[in-house]
Amino acid sequence: MAKKLDLDFVRLFDCYGALLTQRQRDVMELYYNEDYSLSECAAELGITRQAVSDSLRHSEQLLRD
């Protein structure tokens, strides 16, 4: 089920990614397209793991809406 959900977000990101901020796009790109972990995303972007998690959650909600 998780892989189906991931694929749905990749499709939504491809279609509506321009509606997100640059930081949200960067996080989504690393997490979904590059298959980085939350910790790897945080290290790459110089932010906390919690900030990555919050950004993903917020971005996913925006894309769902």
Side-chain angles (χ1 to χ4, degrees):
M1 181 71 175
K3 288 298 178 187
K4 168 87 168 92
L5 186 62
D6 288 353
L7 186 56
D8 289 343
F9 280 121
V10 170
R11 288 180 182 152
L12 287 170
F13 178 63
D14 287 343
C15 292
Y16 302 110
L19 299 174
L20 303 174
T21 66
Q22 184 61 50
R23 173 60 56 98
Q24 289 169 325
R25 286 193 300 271
D26 291 344
V27 170
M28 293 285 287
E29 175 71 26
L30 291 174
Y31 188 76
Y32 284 109
N33 293 342
E34 301 298 326
D35 201 29
Y36 279 33
S37 69
L38 294 178
S39 297
E40 291 170 328
C41 291
E44 181 72 22
L45 297 171
I47 58 177
T48 66
R49 188 179 177 282
Q50 184 63 46
V52 171
S53 179
D54 291 345
S55 180
L56 282 171
R57 188 176 62 247
H58 185 72
S59 299
E60 290 166 356
Q61 184 61 47
L62 287 172
L63 292 175
R64 267 190 230 105
D65 291 344

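Along the sequence shown, residues are numbered consecutively beginning with 1.
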Pairs of donor and acceptor atoms involving the side chains of residues 13-23, under 3.5 Å and at least two apart or interchain, shall be tabulated with distances.
{"residue": "T21", "atom": "OG1", "partner": "Q24", "partner atom": "N", "Å": "3.1"}
{"residue": "T21", "atom": "OG1", "partner": "Q24", "partner atom": "OE1", "Å": "3.3"}
{"residue": "Q22", "atom": "OE1", "partner": "R25", "partner atom": "NH2", "Å": "2.7"}
{"residue": "Q22", "atom": "NE2", "partner": "D26", "partner atom": "OD1", "Å": "2.8"}

First locate atom CD of E44, then atom OG of S39, and finally report the distance between them rounded to the nearest 0.5 Å.
-> 13.0 Å
Pairwise distance CZ(R57) to CG(L62) - rounded to 0.5 angstrom | 12.0 Å
Partner of Y32 by side-chain contact (heavy atoms from CB on, under 4.5 Å), out of L12, V27, V10 = V10
For N33, all residues meeting side-chain hydrogen bond (donor to acceptor under 3.5 Å, both in side chains), sequence neighbours excluded | E29
Rounded to the nearest 0.5 Å, the CD atom of E60 sits from the OG atom of S55 at a distance of 9.5 Å
For Y36 and Y31, which heavy atoms make the closest approach, and how far apart are they?
-> O-CD1, 3.3 Å
Separation of D54 CG from I47 CD1 (nearest 0.5 Å) | 9.5 Å
List the steps and the verdict of side-chain contact (heavy atoms from CB on, under 4.5 Å) for L30 and V52.
-> CA-CA 10 Å; L30 291 174; V52 171; over 6 Å; no
Considering residues at least two apart in sequence or located in another chain, which fulfil the side-chain contact (heavy atoms from CB on, under 4.5 Å) criterion with A43?
-> none
Between R49 and L38, which heavy-atom pair has the shortest distance, and what is it?
-> NH2-CD1, 3.4 Å
